[in-house]
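Notes follow the structure.
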Amino acid sequence: MSDAALLHATSPRELLKPDEAKKRSDLASRKPYLAAKFARIAELEEQGGISPIIRLEKSYLCNFQCSHCCAEPYMDRHLQKVLGLKRDPRPQMTLDDIRRLSREADALGIARFVITGGEPLVMKDFDQVVEAIDPERHYVVTDTNGWFLDAAKAKHLKAIGVEKVQLSLDSFNAAEHDAFRNKPGSYQRVMRAIDASLEAGLNLILSTVLVRGRPFTREFEELCRFCTERGIGLYVSYAKPSGKGADHLEDFTITKADADRIRELEKRYKVFTHMTPSYGSFKGCITVKGIITVTSTLEVTPCPYIDFSLGNLRETSLAEILARGMRNPWLGPYRPDCLIGEDEEFMRRHVAETRKRVLLPVPWGEGFRDGQLLNDRENDPLPPQHFDATGRCVPHGVTAPVRRHPRGYFRVEQPRLDWGEMHQRLTVAFSAAPHPAVNASPLPDRQRFQEIGEALLVPLATDPNLSPLLLAPRVPFFLPAISTDDPGALLENYFLPRVEATFHTAFPEYEFYDHHRSPLAGRIHLAPETRAEAVAATLARTPIVGWFFPVLLDYSLAAMRERVATLPSSFALAGGFETAAALIAAPDLLMRSHGYAPLLWLAAWETDDPDEGYYFENYGYNLTFNRRKHFQTLSEYWNAGLILWSPLPEGAASSLRSSSSTSS
């Protein structure tokens, strides 16, 4: 299947690459119940459900003492050495606990278990654990450092129902790997385990810990190349400030440049992180949504590296624990980065809280809790103006979900405001390949574009309720006259190709990815109470000039639409055409080298499903367009544009040809 077909396939099944489709077919022939459950995961997620991988930490016994081990604080050797305890005094997981968890997970449509630790292959009851999970109903994976994984062991794992092995390799340089793992000879054992796993017919991925700067090394790219040539996926786990890594926040944890380098290497190699889109699913950080960990004491944490519990399975059902996680503002909402590996504020909170504790994880209600706020200012009074000191629109009178005071972790930075460059990009885009719905009426020349744009800002400067908006990022734009009753079709066939062409011209080394899979024709309508109707009515007669302000950060879509109705009538909510025009004028609008910009919803547009929407987002330095369910929820990663706009005055335009030459 071609790349284009993969992007526009109509079902998650069609998004599988040939090797994965073959594996799924083989699984269906051997374990039809499990294969059918796998096939329903995409439908489950589309309806707002989740199907996380369950990591099972029944035992923390381990024959290694790795430099980065996140499980060290849970191990008996740590409790003995540091705390003087012979063993963890809390009740430990039993096989009956695993059987009960397997049944609860199955009822929720959850399909995957990973046996981890510690080192699973030193567990005396490993086979019984696999049996208790029930490999006919669940896809069973085991982590391992590879020390005990020879040919006989690999064949045995396959025979008892294990489907996949995740094998740790932390450097393609033998000496470096052995030093990181504090185990001479461990590199050679991993190489042996690779061959043994493949010969036994086990699915195999290698996992490697990514420390700061490593993605730029020759060693790392050689490892990527090795895995790709062997047909093995390389799973990259960012170093986290948990366990032994808590003392290395400054030197272990990665930078944004490291993460972006991995995103570029994904284009050439079989390398991926837990944020990498897969099989049409775009989860971002997979806390709760894609993974949970069950500790030996039946505490459930939202990922392997966050030592804050969501509840104990002896006291609370799995369903309620997952619901708690999805309600939590740190964990449930979509976000593109790794919470415990990149969000420095959260990382520091985690280190400070876990250092106070004798036993981990931190109990539910003390680390995570219901009603939790992202920052301590959330209940502070709102500023009286329409916009705050950053230019963000203040949510006065909004009853739909909205954050009163955002952290500002996700933010748009001001792109370079060059009127000549922006005018030329827009003119070139709107002058090429005419479309029947786009009127051939002249566009503003460069001088009039700037004059009209600057005139639109004058009233803001003199109105104290509006003047803080001038502190916000902004992009001037214009649109040609447009007359259409099918905005989705025009977006897909006219605007998105122009966004792509402009982006490629500005950044030939990066990509524009159009991930939506169903045709947009007939799917999109103007949302009421957004003033989109007034903009559309004007565009039907004449071009418009305006400003795009991405200032609705941390609003749900319902809150965005509610708020715009109380702003002065010169403002409207941005839809697809205005957002696309802003990205044509400023292709770098969502690029950040030291952080993440929020996604941009096409908030003035809606579909027949009130819980879904379309948006632009950067994946590293690559621009993407996609659709997702938002379920009217709130995320600090949500944003959309307000536009301040005006019809093009008569006599303020030049012909398309002369406008283009003026910009040249």
Side-chain angles (χ1 to χ4, degrees), residues 57 60 66-75 78-79 81-85 88 90 209-212 237-256 258-259 274 285-288 291-293 295 297 299-312 321 324-325 327-333 335 337-380 403 405-411 554 594-596 636-637:
E57 296 179 343
Y60 297 107
C66 303
S67 302
H68 59 292
C69 182
C70 66
E72 186 71 21
Y74 295 83
M75 294 182 177
H78 172 83
L79 299 178
K81 180 179 179 180
V82 177
L83 304 175
L85 300 174
D88 192 324
R90 297 168 294 184
V209 173
L210 198 76
V211 297
R212 183 170 301 190
S237 177
Y238 299 167
K240 318 291 197 307
S242 54
K244 286 186 176 180
D247 295 327
H248 298 280
L249 191 151
E250 303 296 341
D251 55 336
F252 260 21
T253 54
I254 66 165
T255 65
K256 173 68 159 42
D258 292 324
H274 53 293
C285 185
I286 60 173
T287 50
V288 187
I291 200 164
I292 58 171
T293 293
T295 72
T297 58
E299 297 287 345
V300 179
T301 66
C303 96
Y305 310 100
I306 298 178
D307 299 308
F308 294 173
S309 178
L310 296 171
N312 191 292
I321 286 173
R324 285 175 179 174
R327 291 194 298 265
N328 188 276
W330 290 105
L331 307 174
R335 58 183 296 158
D337 64 328
C338 177
L339 176 62
I340 187 62
E342 294 185 84
D343 189 326
E344 187 171 336
E345 179 182 342
F346 183 83
M347 290 191 287
R348 293 191 182 281
R349 286 188 181 194
H350 184 271
V351 169
E353 187 60 40
T354 54
R355 277 179 172 165
K356 302 175 186 176
R357 305 291 173 151
V358 173
L359 298 173
L360 293 176
V362 178
W364 166 252
E366 299 178 33
F368 290 132
R369 60 188 181 278
D370 273 333
Q372 191 163 26
L373 304 177
L374 288 182
N375 65 67
D376 297 333
R377 301 184 298 107
E378 182 61 16
N379 292 320
D380 289 355
R403 194 114 37 221
H405 298 281
R407 286 196 302 150
Y409 175 75
F410 300 108
R411 64 180 183 273
D554 234 338
H594 298 290
Y596 292 83
E636 65 173 336
Y637 187 56

statement: Of all heavy-atom pairs linking N328 and R369, the shortest is ND2-O, 3.8 Å
task: Of all the heavy-atom pairs spanning P241 and V351, show the shortest one and how long it is.
output: O-CG2, 3.5 Å
query: Do R403 and P329 come within less than 4.5 Å of each other through their side chains, counting heavy atoms only?
result: yes
Straight-line distance of I286 CD1 to I291 CD1, nearest 0.5 Å: 4.5 Å
message: Please determine whether the number of non-hydrogen atoms from other residues, nucleotides or ligands lying under 6.0 Å from atom CG of D376 exceeds 12.
response: no
task: Examine K240 relative to F252 and say whether NZ or CZ is less than 6.0 Å from the centre of the six-membered ring and inside a 45° cone about the ring axis.
output: no
message: With a 3.5 Å distance limit and no angle check, can you tell me whether H405 reaches the backbone of D380 through a side-chain donor-acceptor pair?
response: yes
task: Answer yes or no: is there a donor N or O on one side and an acceptor on the other, between the side chain of E345 and the main chain of N375, under 3.5 Å?
output: no
Geometric cation-pi criterion, R407 with Y409: 6.0 Å, 45°: yes
- prompt: Between R377 and P406, is there a donor-acceptor pair closer than 3.5 Å when you use the side chain of the first and the backbone of the second?
  reply: yes
task: For the residue pair T293 and Y305, confirm or rule out a side-chain donor-acceptor distance under 3.5 Å.
output: no
Donor-acceptor contact present, side-chain D258 to main-chain T255, <3.5 Å: yes
field: Pair E344-R348, salt bridge (charged side-chain N to carboxylate O under 4.0 Å, His left out): steps then yes or no
entry: CA-CA 6 Å; E344 187 171 336; R348 293 191 182 281; 2.8 Å; yes
- prompt: Would a distance-only check, ignoring hydrogens and angles, find a side-chain to backbone donor-acceptor pair under 3.5 Å from E342 to C338?
  reply: yes
- line: d(C69 SG, M75 CE) to nearest 0.5 Å is 4.0 Å
- request: Before accepting this row, confirm whether a basic side-chain N of the pair D307/R357 lies closer than 4.0 Å to the acidic partner's carboxylate O.
  value: no
R212 and T253: side chain donor to acceptor below 3.5 Å: yes
- prompt: So, do W330 and F368 have ring centers that fall under 6.0 Å from each other?
  reply: no
query: Looking just at side-chain N and O atoms, do E72 and Y60 make a donor-acceptor pair shorter than 3.5 Å?
result: no
